Each structure stands twice: as structure tokens, then as C-alpha cells.
Amino acid sequence: MRTIEICFEIAELCEKYGDAWSHTFTTFGWEFENGDVPAVARKVTHIYGGMGSFNDLVLHKDGRMVGADNDKLDMLREELFQEIIKNL
């Protein structure tokens with residue numbers, strides 16, 4: 001399931017920069033693998049809105065944005081959302 005792969009890719013990217021979202025996406029990946037996919041998909045949709053949400057995440061190192069990895073994150077973020085709405 002591509003959704004699982006995306007979650008783990010996001011977790012790895014976040015871990016690279018010490019971002020706390022890493023744990024969240026590792027958990028989502030395991031839950032998609034082992035749980036009720038529509039229920040997990042609904043949980044994921046809740047992180048996409050509001051201030052301080054996953055949409056607001058910008059990766060940075062030493063106070064500077066990291067362009068290539070932020071571009072990758074944006075692509076993964078959009079791909080995950082598209083996969084999630086298929087599972088609702």
C-alpha cells in the first residue's frame with residue numbers, strides 16, 4: 001500500500017531534521033499496516049488543517065530552510081492526502 005510507504009518516507013525525512021512529526025508518521029505507517037485503514041485515514045485528515053498543522057511544517061537546519069527536502073515533503077504531503085481520500 002503506497003500510503004504506508006509515504007508515511008514512512010515522511011517520518012524518515014522529519015527524523016533527518018529532528019522534527020517531532022517523525023514519530024506521528026511512523027505511528028501512522030504502523031497503524032495503516034496493522035489497523036482499520038478507513039479509521040487511520042480519518043485520523044490523518046485531522047492533521048492537515050489549522051494553525052501548527054502538518055500543512056505548516058517547514059524543514060530547516062541551522063535556521064535555514066532546506067529547499068530540496070521541503071520540495072520532497074510538499075510532494076509527499078500532497079500524495080498522502082490524495083491516497084487518504086481514496087481510503088475514506
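Numbers for residues simply follow the sequence, beginning at 1. Just so it is clear, the structure is predicted and the values come from calculations on it, not from any experiment.
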Can you measure from [atom1] ([X]) to [atom2] ([Y]) and round to the nearest 0.5 angstrom?
X: E83; Y: L76; atom1: CD; atom2: CG; answer: 11.5 Å
X: D36; Y: R42; atom1: CG; atom2: CZ; answer: 6.5 Å
X: N55; Y: E78; atom1: CG; atom2: CD; answer: 9.5 Å
X: M51; Y: D56; atom1: CE; atom2: CG; answer: 7.5 Å
X: D71; Y: M65; atom1: CG; atom2: CE; answer: 8.5 Å
X: E9; Y: L80; atom1: CD; atom2: CG; answer: 10.5 Å

Salt bridge or not for K72 and E79, using N-O below 4.0 Å?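 Looking at E79 together with K72, the answer is no, because their closest N to O distance does not fall below 4.0 Å.
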With the 4.5 Å side-chain cut-off for hydrophobic clustering, are L73 and V58 part of the same group?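 In one cluster: no.
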Using ring centroids (six-membered ring only for Trp), state whether F25 and F8 fall under 6.0 Å.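 Distance test on ring centres: not under 6.0 Å, no.
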Between [X] and [Y], what is the shortest heavy-atom contact and its length?
X: G50; Y: S53; value: O-OG, 2.9 Å
X: I4; Y: F32; value: CG1-CB, 3.6 Å
X: C14; Y: S22; value: CB-N, 3.6 Å

Backbone N/O of F54 and side chain of R77: donor-acceptor pair under 3.5 Å: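 Checking the backbone N and O of F54 against the side chain of R77, a donor-acceptor pair under 3.5 Å is found.
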Flag if over 12 foreign heavy atoms under 6.0 Å of CD, E12: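 Incorrect, the count does not exceed 12.
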Tell me, yes or no, whether the heavy-atom count around F81 atom CZ, taken from other residues, nucleotides or ligands under 6.0 Å, exceeds 12.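 No, CZ of F81 has 12 or fewer neighbouring heavy atoms, counting only those of other groups under 6.0 Å.
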Student check: side-chain heavy atoms of Y17 and K61 closer than 4.5 Å: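 When only atoms from C-beta onward are counted, K61 and Y17 do touch, with a gap below 4.5 Å.
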Can K43 and E31 be said to form a side chain to side chain contact (heavy atoms under 4.5 Å, CB included), step by step? CA-CA 10 Å; K43 284 173 54 173; E31 287 178 347; 2.8 Å; yes
Checking side-chain contact (heavy atoms from CB on, under 4.5 Å) against W21, which of L57, L13, T26 comes through?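 Per the side-chain contact (heavy atoms from CB on, under 4.5 Å) rule, the option paired with W21 is L57, out of L57, L13, T26.
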